[in-house]
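Heads up: the structure comes next, in structure tokens.
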Number of protein chains: 2
Amino acid sequence: MKRKITLKQIARELDVSISTVSKALRNSAEISDDTKQKVQAFAKLYNYRPNNIALSLKNRRTNTIGIIIPEIVHHFFSKVISGVELVANKRGYNVIIGLSNESFSKEVINMEMLANGSIDGFILSMSKETLKLQDYHHFNETMTQGMPIVMFDRVVSEVKCDKVIVDDFNGAKKAVKKLIENGCKSIALITTKDYVSVGKLRTQGYLEALEEHQMPPKAELILKIDESLDYEAHLEALEKEIEQLFQSNPKLDGVFAVNEIYALLAMKVARKLGLDVPNDVQVIGFTDGVLSKHATPSLTTVSQHAQQMGEKAAELLIDKLESEFNSADEVFQTVVITTDLVERESTK
Amino acid sequence: MKRKITLKQIARELDVSISTVSKALRNSAEISDDTKQKVQAFAKLYNYRPNNIALSLKNRRTNTIGIIIPEIVHHFFSKVISGVELVANKRGYNVIIGLSNESFSKEVINMEMLANGSIDGFILSMSKETLKLQDYHHFNETMTQGMPIVMFDRVVSEVKCDKVIVDDFNGAKKAVKKLIENGCKSIALITTKDYVSVGKLRTQGYLEALEEHQMPPKAELILKIDESLDYEAHLEALEKEIEQLFQSNPKLDGVFAVNEIYALLAMKVARKLGLDVPNDVQVIGFTDGVLSKHATPSLTTVSQHAQQMGEKAAELLIDKLESEFNSADEVFQTVVITTDLVERESTK
DNA sequence: GAAAGTCACGAAAACGTTTTCGTGTTAAGA
DNA sequence: TCTTAACACGAAAACGTTTTCGTGACTTTC
């Protein structure tokens, strides 16, 4: 078990100085061809690679970016990571991940752990708890220390940084308009409580679409789920709620849900009540997850282009890292990724 | 945008030496109480945190572990990461990820990128291409340089290291036995080509279960899919193959598939051919993915306990890192995670 | 009052790089 | 032959820590 070889060892072995070795390997004009060849051959033989940590310390940059997300076992987030990793690698960066598990304190701890030199910048999506507490000090502190942040999906105007978001509003509006054009007269919305910014925007899109078609919104058609519960553990409760929605609105003929699970459950309930999808009820979900594609009937969804979000976030961050940022003219951009309506079998 | 404060700055500010500051912060007995208080108060005020990179260089360990996986947008792998992250964080480690995209060269490049000091050890699952090429030099070279590796799921006996695997053989056997006990007389196997070790073992489990019940295996009941194609892009071709399987075996009443997608497609084909699941055909898949749970009918599967695999892999790696490993008595263990049959609606 | 011991702190090395600057040798020019 | 320039290389600092060892000032002891 031989350790990795260092410049010092090469220098000692070849009886030259460390500086000479370093220069020879970087093909400096200061070094004679003879010496260069000798050193390079030796280095190749022993498979020399500069030590990243030493370089990081010297250069005061790690070429590593940190991702903090609520959870990784989630199609949307893993797609985003995939996108980030793609461009990060292309541009010579590594990716280090931290999971907040939707917890504020874990988010803070994770950020502190990484902010002490391990990474050059953050790409993150806030935890639900952070959104609820509205405590953003850790983001702002990180930024005043000169570490850039790019936020995606779950953002908040109180934090001034680059952002990549989905046009939730228009995506929702497009979906609901589609339902209306397809003849739906009574369209339900299944959404989350309002503290998740994303849910709020989608709700607004739903309302706006109705308004544009002179369809007055009805409170009893809007179901707000309390997402503080982990839904995987409460599927039955959720299903009951949705069933209630159907039963108290017998004329229901369209459902727009702000995520895949809600949409799938709506289809399940419909089937259970003897309704056919899409002939009796049409359903549209949000998120281009794997469930929608393989459901029966397959689910029409608003696609968020998660991978593209990740790619864009990485571009923004690395651009900022590599610009000789003139601390003064800090100008932040918000990139909006447009959604697409992917039509499948759950709509006519 | 003030940079993070360093020992040197504190020392200058307080007019003491760097050593004194360092010792004061670590509560050394060498330092007087007065000085300690002064230094600690100052450090707290300026929110001093030691620089990780400098520590890594000094200690020659980064407290970071590297994960290399074929892809992250995959329920199994993200669950594994989740498990790794859980115990890594608990034990004071960070996690850095690299994706091979099932490509040999990306696997090699990623490993080289991380092996130069960025991490202390690897947790990885090999790419399909690596399995096909049977070229394992990068693993062995990494290990001779003193960097431990823990492999999971896709392993190979040629590489001597700690391993965490699923009992694919018994999992498959259990599943097929279940089908037999449920009255199936003609059970198909949908699997992959043999170079993926995992697929081979599951096939063997299938055969053994049949044999134990004196049911001679029939070649026409075994469908081997060429997985070098990305299946998401070839769903229709796949579906055709499965349809053919059904049509050339009219008495088919049971299907065991080595993954979720194949199982779901089998159910889809069955429905299309007017067969009811589970009354006419019973289906079991492998992997405790999210699709199985939300399919209609929900799919009975062999659960792999991916998260547990990740946790165990992390335990193994960190244990090895923290043992003063006496290079000599290298002894590697292979931990087998037992599978469970999760019964849902696709079986009787 | 001198020897010994304690206390509180600082200097410096080390981890592995890169880079600036200095320096000794040789060759060219006057 | 002496000055100068080019050449090839080495010393040292710097990145931010921790830790070993040395040292000056006091205090204690007989």
Side-chain angles (χ1 to χ4, degrees), chain A residues 2-40 42-43 46-64 114-120 145-147, chain B residues 2-40 42-43 46-64 114-120 145-147:
Chain A
K2 48 172 194 212
R3 283 222 157 279
K4 298 222 64 166
I5 196 167
T6 69
L7 287 187
K8 190 192 277 193
Q9 291 169 46
I10 300 183
R12 196 184 321 136
E13 212 69 33
L14 261 41
D15 212 40
V16 291
S17 77
I18 296 180
S19 341
T20 303
V21 177
S22 175
K23 289 172 191 165
L25 290 176
R26 330 193 88 238
N27 248 315
S28 159
E30 280 185 65
I31 306 298
S32 71
D33 286 347
D34 277 7
T35 316
K36 274 190 207 169
Q37 287 204 353
K38 193 175 60 175
V39 172
Q40 289 175 359
F42 191 92
Y46 283 88
N47 195 29
Y48 169 78
R49 294 274 181 279
N51 179 303
N52 277 334
I53 296 293
L55 285 179
S56 294
L57 183 58
K58 177 116 192 50
N59 300 332
R60 292 149 122 203
R61 55 203 323 280
T62 60
N63 272 33
T64 301
L114 295 183
N116 299 316
S118 300
I119 62 163
D120 297 335
Q145 293 189 344
M147 179 159 302
Chain B
K2 51 176 191 216
R3 283 223 155 279
K4 297 223 65 164
I5 196 166
T6 69
L7 287 187
K8 191 193 278 193
Q9 292 170 45
I10 300 183
R12 195 183 322 136
E13 213 69 32
L14 261 42
D15 212 41
V16 292
S17 75
I18 295 181
S19 341
T20 304
V21 177
S22 176
K23 289 172 190 163
L25 291 176
R26 329 194 91 239
N27 249 315
S28 158
E30 279 184 66
I31 306 298
S32 71
D33 287 347
D34 278 5
T35 315
K36 274 191 210 169
Q37 287 203 354
K38 194 175 58 174
V39 173
Q40 289 175 0
F42 191 90
Y46 284 89
N47 196 28
Y48 170 79
R49 295 273 181 279
N51 180 302
N52 276 335
I53 296 292
L55 284 179
S56 294
L57 183 60
K58 177 120 193 51
N59 301 332
R60 290 148 123 205
R61 54 203 323 280
T62 60
N63 273 31
T64 301
L114 295 183
N116 299 316
S118 301
I119 61 162
D120 297 336
Q145 292 189 345
M147 180 158 302

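None of the values given here were measured: they were computed from a predicted structure.
Residues B:K4 and A:N116 have side chains that bring a donor and an acceptor to within less than 3.5 angstrom of each other.
Comparing the helix axis at one end of the helix from C:dG1-D:dC30 to C:dA30-D:dT1 with that at the other, each defined from 5 consecutive pairs, gives an inter-axis angle of 80° (nearest 10°).
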Compile the donor-acceptor pairs under 3.5 Å between side chains in residues 18-28 of chain A and protein atoms, sequence neighbours left out, one pair per line.
unit_1	atom_1	unit_2	atom_2	d
A:T20	OG1	A:S17	OG	3.0
A:K23	NZ	A:E30	OE1	3.3
A:S28	OG	A:E30	N	3.0

Which side-chain N or O atoms in residues 5-16 of chain B pair as donor and acceptor under 3.5 Å with protein atoms at least two apart or in another chain?
unit_1	atom_1	unit_2	atom_2	d
B:T6	OG1	B:K8	N	3.4
B:T6	OG1	B:Q9	N	3.3

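For B:F42, the ring pair (Phe, Tyr, Trp, His ring centres under 6.0 Å) partners at least two apart in sequence or on another chain are B:Y46. A search for side chain to side chain donor-acceptor pair (under 3.5 Å) contacts involving B:T64 returns nothing, not counting sequence neighbours. Partners of A:Q40 by side chain to side chain donor-acceptor pair (under 3.5 Å), not counting sequence neighbours: none found. Listed by chain and residue number, nothing satisfies the side chain to side chain donor-acceptor pair (under 3.5 Å) test with A:R60 (two or more places apart in sequence, or in another chain). With sequence neighbours excluded, the residues forming a side chain to side chain donor-acceptor pair (under 3.5 Å) with B:T62 are B:D120, listed by chain and number.
The stretch residues 46-53 of chain A touches DNA chain C through A:Y48, A:R49, A:P50, A:N51, each having a heavy atom within less than 4.0 Å of the strand. Only A:V16, A:S17, A:S19, A:T20, listed by number, bring a heavy atom of residues 8-21 of chain A to less than 4.0 angstrom from any atom of DNA chain D.
Between the side chain of A:S56 and the backbone N or O of A:N52 there is at least one donor-acceptor pair closer than 3.5 Å.
Closest-nucleotide positions on DNA chain C for B:R60 and B:K23 were compared, and the one nearer the 5' end corresponds to B:K23. A residue-by-residue look at B:S32 and B:A54 shows that B:S32 has its nearest nucleotide of DNA chain C further toward the 5' end. Nearest-nucleotide mapping onto DNA chain D: of B:E30 and B:N59, the residue sitting toward the 5' end is B:N59.
In this structure, B:N51 and A:G117 approach most closely via the heavy-atom pair ND2-CA, 4.4 Å.
Among the heavy atoms of the strands, none lies under 4.0 Å from A:S56. B:L55 comes within 4.0 angstrom of the backbone, heavy atoms only, and of no base. Note on A:S22: a base of the nucleic acid sits closer than 4.0 angstrom, heavy atoms only.
Annotation: the span from A:I53 atom CD1 to A:K58 atom NZ amounts to 15.5 Å, rounded to 0.5 Å. Put simply, CE on A:M147 and CD1 on A:I119 are 5.0 Å apart, with the number rounded to the nearest 0.5 Å.
Along DNA chain C, the stretch of nucleotides lying under 4.0 Å from any heavy atom of chain A spans, 5' to 3', C:dC15 to C:dC21.
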Go through the steps for B:K36 and B:D34 under the test side chain to side chain contact (heavy atoms under 4.5 Å, CB included), then give the verdict. CA-CA 5 Å; B:K36 274 191 210 169; B:D34 278 5; over 6 Å; no
